[in-house]
Amino acid sequence: MYTIWTTKQVLQFAKPGDEVVLRGWVYRKREFRDKIFVLLRDGEGVVQLVFAKDRPEVYDIAAKLNIESSIIVKGVVKEEQRAPGGKEVHVSDVIWFFVGEPFPINPSAAQADSEYLLDVRHLWIRSRKMWAVLRIRHTVFEAIHEYFRSRGFYEVQCPIFVSAAVEGGATLFPVKYFDREDVYLTQSAQFYLEALIYSLEKVYTVAPSFRAEPSRTRRHLTEFWHAEAEMAWARLHDVMNVCEELITHVVRKVLDERLEELSILGRDTEKLERVKPPFPRVLYDEAIEMLQKMGFNVKWGDDLGADEERALMQKFDTPIHLYGFPEEVKAFYHKNDPQDPKRTLSVDVLAPEGYGEIIGGGERIEDPDELVRKIKKFGLRPEDYYWYIDLRKYGSVPHAGFGLGVDRLVMWICGLDHIRDAVPFPRDIRRVKP
RNA sequence: GCCGCCGUAGCUCAGCCUGGUAGAGCGGCGGGCUGUUAACCCGUAGGUCCCGGGUUCAAAUCCCGGCGGCGGCGCCA
């Protein structure tokens with residue numbers, strides 16, 4: 001038997017003359033008259049292999065290898081300035097290999113970042129770009145759990161099959177559920193989290209949400225990962241504090257642990273280093289005023305479109321809290337401000353550099369009559385929300401929470417052009433394969 | 001739902017405006033090259049120019065219809 005070295009271990013710890021066994025996939029191959037260079041890729045990185053022609057038993061195998069062929073080799077480590085990483089492995093034995101067909105993705109497709117890469121996504125996830133994104137994504141999810149658990153939130157799991165909308169029925173995906181026709185995929189765990197605070201007080205969940213919005217933008221998926229939290233007794237300012245601490249913690253952890261991956265993606269980490277609490281807190285009214293000064297035709301009561309949001313964010317180089325939206329532009333469950341009832345106690349967190357909304361949250365209505373009044377005002381049927389209304393009848397408390405679009409957060413941290421690249425197998429309005 | 005763009009080799013694209021025998025790079029295959037960093041050089045195979053109709057002596061190119069794809073807006077995370 002033999003010990004397997006990773007490429008990373010070879011570059012970090014192997015000494016010249018060490019005999020090592022490595023396994024992985026062919027990342028690049030360059031053939032010369034008397035030797036073949038193979039860049040071997042594994043889950044950790046890349047190291048250069050050298051196959052010499054005076055060892056025909058290994059050279060002849062190397063000659064047959066395609067890009068992405070798999071192989072296990074034994075060889076001797078040498079220091080070599082010309083090799084990537086400063087070391088290379090001179091192969092003495094090929095223990096195992098699989099050649100297969102020529103790899104269908106080539107650099108022109110990769111450089112064009114073309115549609116084709118989505119058709120062959122099951123293969124493209126092997127690329128250095130997707131490798132880097134997926135490792136950062138891993139760390140983002142880890143950091144989210146780490147933050148909530150360190151702050152006394154309990155993790156809970158909520159149903160994916162639901163029978164009422166959170167924000168209205170138009171964007172629900174119906175599901176065939178035996179002989180019933182009123183079952184859908186969840187859009188948000190929020191209502192269930194609101195129920196759970198009466199047991200655990202502070203709860204969170206990280207789960208997929210599904211929205212049948214026919215959106216064709218670089219910021220929308222039909223299936224996305226949602227990190228949601230809900231807190232009993234909390235107010236709007238508590239939500240803002242938790243949001244900025246959470247985002248700061250995630251960004252900090254990625255900067256600490258994923259610098260190599262950020263560098264592969266060409267991310268300007270200076271822009272991430274600026275992310276520190278407190279984030280600027282911008283009242284909706286101030287935003288309207290700023291936009292009017294910039295020449296936008298907006299007035300109090302309007303929702304902010306993508307152009308307005310981008311223009312506003314040009315004034316900031318960190319995320320901001322935008323709070324206090326008018327009642328009409330926010331979903332029915334947002335609590336109106338008792339001091340100013342036309343306004344809700346709501347907040348969006350907007351990411352800089354044009355990435356836009358990554359969080360929506362705020363205080364929820366705690367009074368049952370007020371809740372019913374607002375459900376009706378929004379043209380919805382109270383009977384569809386009977387259990388949600390019920391929560392207000394037994395020991396109702398002020399409470400607040402928020403939902404974070406994790407894929408959008410990953411997109412911004414990685415500096416990606418499209419949310420699809422923040423996800424290994426994205427689902428959008430047309431694409432459900434691979 | 002609304003607005004815009006695109007469809008030519010396995011992949012990325014040029015050619016279309018101004019109609020006249022189908023092109024390049026990458027990838028494949030064959031050969032060459034003393035160390036490459038998306039190696040390079042020579043050769044070679046590979047096409048229902050999305051589909052249908054029309055105009056024309058002649059259509060990838062012009063016109064009409066269809067199909068497929070992409071981007072943006074709205075909505076949201």
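For the numbers below, each heavy atom of this structure counts, side chains included, while hydrogens, waters and symmetry mates do not.
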Would you classify [X] as touching base, sugar-phosphate or nothing, given that sugar-phosphate means primed atoms plus P, OP1 and OP2, and contacts are heavy atoms under 4.0 Å?
X      : result
A:P104 : nothing
A:R219 : base
A:D407 : nothing
A:E88  : base
A:I358 : sugar-phosphate
A:E213 : base
A:L221 : base
A:S114 : sugar-phosphate
A:G356 : nothing
A:A110 : nothing

| request: Report the residue from A:K342, A:K377, A:K335 that forms a salt bridge (Lys or Arg N to Asp or Glu O under 4.0 Å) with A:E327. | output: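 Looking at A:K342, A:K377, A:K335, the match for A:E327 under the salt bridge (Lys or Arg N to Asp or Glu O under 4.0 Å) is A:K377.
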
Can you check the distance between [N] and [M], where both ends of the measurement are the [atom1] atom (answer in whole Å)?
N      : M      : atom1 : answer
B:rG23 : B:rC16 : C1'   : 14 Å
B:rG52 : B:rU48 : C1'   : 13 Å
B:rG35 : B:rU21 : P     : 44 Å
B:rA58 : B:rA39 : C1'   : 46 Å
B:rC17 : B:rC50 : P     : 15 Å
B:rA59 : B:rG20 : C1'   : 10 Å
B:rG19 : B:rU55 : C1'   : 11 Å
B:rG4  : B:rC76 : C1'   : 23 Å

| request: Check the pair A:T205, A:E155 against side-chain hydrogen bond (donor to acceptor under 3.5 Å, both in side chains), reporting the backbone distance first and the verdict last. | output: CA-CA 6 Å; A:T205 192; A:E155 183 182 4; 5.6 Å; no

| said: So if I apply the side chain to side chain contact (heavy atoms under 4.5 Å, CB included) rule between A:I365 and each of A:R373, A:K374, A:H334, A:H399, which one comes out positive? | reply: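 Among A:R373, A:K374, A:H334, A:H399, the one that satisfies the side chain to side chain contact (heavy atoms under 4.5 Å, CB included) with A:I365 is A:K374.
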
Looking at [N], which nucleotide sits across from it as a Watson-Crick or G-U wobble partner, both distances under 3.5 angstrom, or is there none?
N      : value
B:rC2  : B:rG72
B:rU61 : none
B:rC49 : none
B:rG30 : B:rC42

Would you say [X] reaches [N]'s phosphate, i.e. side-chain N/O to OP1/OP2 under 4.0 Å?
X      : N      : value
A:R430 : B:rC70 : yes
A:R408 : B:rA77 : no
A:R82  : B:rU34 : no
A:S215 : B:rC75 : no
A:R28  : B:rU36 : no
A:R420 : B:rG71 : yes
A:R30  : B:rU36 : no
A:H226 : B:rC76 : no

| Mutual orientation of the aromatic rings belonging to A:F37 and A:F32 [parallel < 30°, tilted 30-60°, perpendicular > 60°] |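 Judged by the thresholds at 30° and 60°, the geometry between A:F37 and A:F32 is perpendicular.
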
| said: Using a strict heavy-atom distance below 4.0 Å, which residues from residues 34-55 of chain A are in contact with RNA chain B? | reply: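 Per residue number, the list reads A:K35, A:F37, A:Q48.
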
| query | Ring centres of A:Y184 and A:F173 under 6.0 Å apart? | reply |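 No: the rings miss the under 6.0 Å criterion.
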
| request: Assert yes or no for the condition that the ring centre distance of A:Y116 to A:W124 is strictly below 6.0 Å. | output: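 When the ring centroids of A:Y116 and A:W124 are compared, they turn out to be at least 6.0 Å apart.
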
| Result of checking A:Y333, A:Y192, A:F191 against A:Y388 for ring-ring contact (aromatic ring centres under 6.0 Å, His included) |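 Result for ring-ring contact (aromatic ring centres under 6.0 Å, His included) with A:Y388: A:F191.
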
| Other residues, nucleotides, ligands: >12 heavy atoms within 6.0 Å of A:E181 CD |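 No, CD of A:E181 has 12 or fewer neighbouring heavy atoms, counting only those of other groups under 6.0 Å.
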
| field | Partner residues of A:R135 under the salt bridge (charged side-chain N to carboxylate O under 4.0 Å, His left out) criterion, sequence neighbours left out | value |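 Scan of A:R135 (salt bridge (charged side-chain N to carboxylate O under 4.0 Å, His left out), adjacent residues dropped) gives A:E44, A:E261.
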
| request: Output the single nucleotide from B:rG71, B:rU34, B:rU36 whose closest atom is nearest the side chain of A:R216. | output: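 Nearest nucleotide to the side chain: B:rG71.
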
| Gap between atom OH of A:Y323 and atom CG of A:L345 - 0.5 Å precision |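 It comes to 10.5 Å.
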
